[in-house]
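Quick notes on the structure that follows.
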Amino acid sequence: MADELFLQTSALSEQDSERIAQNSGLLHTILKKQDETLTRVSALEDQVTAINTGFPAGDPESHRRYHETIIEDLAERRKLRQAIQEKTISGLVWAFLLGCGTAIWNEIVKRLAGH
C-alpha cells in the first residue's frame, strides 16, 4: 500500500511538474508580449509628443479651431465672389437690354421724325 501511495504521489508530482512547466512557458510568453506592448506604447507616446510640439504652443485644439476659422472664411469669400459675379452678370444683361432698347427707341424716333 505504501508503494502504491508513493506511485500515485510520484504521478501527481510529474503532472504538477508538467503543468508548472507549461504555466512557466505561458508566463514567459505573456511577459515578453507585455514588454513588446510597453515598448510600442512608449514609441507611440514619443510620436504624440513630437506631433504636439509641432503645433503653436503645443496646442492642437486651438490649431484645429484656427483651421476651421480659415475654412469658414474661405467659404464666405466663395459665397461673396459668387454673389458679385451674379450681380455683375445681371447688371451687364440689364445694361445690354437698356442699350438695345435705347437704340431701338432712337431708331423709331428717327424714322418717325423723317416722315
Checklist entry - Which residue pairs pass the side-chain hydrogen bond (donor to acceptor under 3.5 Å, both in side chains) test when at least one of the two sits in residues 38-50, sequence neighbours left out? => result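 Sorted pair list comes back empty.
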Item to check | Between NZ on residue Lys33 and CD1 on residue Ile30, distance to nearest 0.5 Å | outcome: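 Interatomic distance, Lys33 NZ to Ile30 CD1, rounded to 0.5 Å: 11.0 Å.
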Who clusters with [X]? Use side-chain heavy atoms, under 4.5 angstrom, across I, L, V, M, F, W and Y, and order the result by chain and number.
X: Val109; answer: Trp105
X: Ile84; answer: Leu80
X: Leu27; answer: Leu31
X: Val48; answer: none

Next on the checklist: Just to verify, what does Ile108 make a side-chain contact (heavy atoms from CB on, under 4.5 Å) with, not counting sequence neighbours?
Outcome noted: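 side-chain contact (heavy atoms from CB on, under 4.5 Å) list for Ile108, sorted by chain: Ile104, Leu112.
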Next on the checklist: I'd like to check the side-chain contact (heavy atoms from CB on, under 4.5 Å) partners of Ser24; sequence neighbours left out, ordered by chain and number.
Outcome noted: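 Once residues adjacent in sequence are excluded, Ser24 has no partner under the side-chain contact (heavy atoms from CB on, under 4.5 Å) criterion.
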Checklist entry - Taking only residues two or more places apart in sequence or in another chain, which ones pass side chain to side chain donor-acceptor pair (under 3.5 Å) with Asn52? => result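 Checked Asn52 against side chain to side chain donor-acceptor pair (under 3.5 Å); zero matches.
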Checklist entry - Does any pair with a residue in residues 83-107 pass salt bridge (charged side-chain N to carboxylate O under 4.0 Å, His left out), and if so which ones, sequence neighbours excluded? => result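 Found Glu107-Arg111.
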Distance-only donor-acceptor hits, side chain of residues 65-79, under 3.5 Å, sequence neighbours excluded:
residue : atom : partner : partner atom : Å
His67   : NE2  : His63   : NE2          : 3.1
Glu68   : OE1  : Arg64   : NH1          : 3.1
Glu68   : OE2  : Arg64   : NH1          : 2.3
Thr69   : OG1  : Arg65   : O            : 3.0

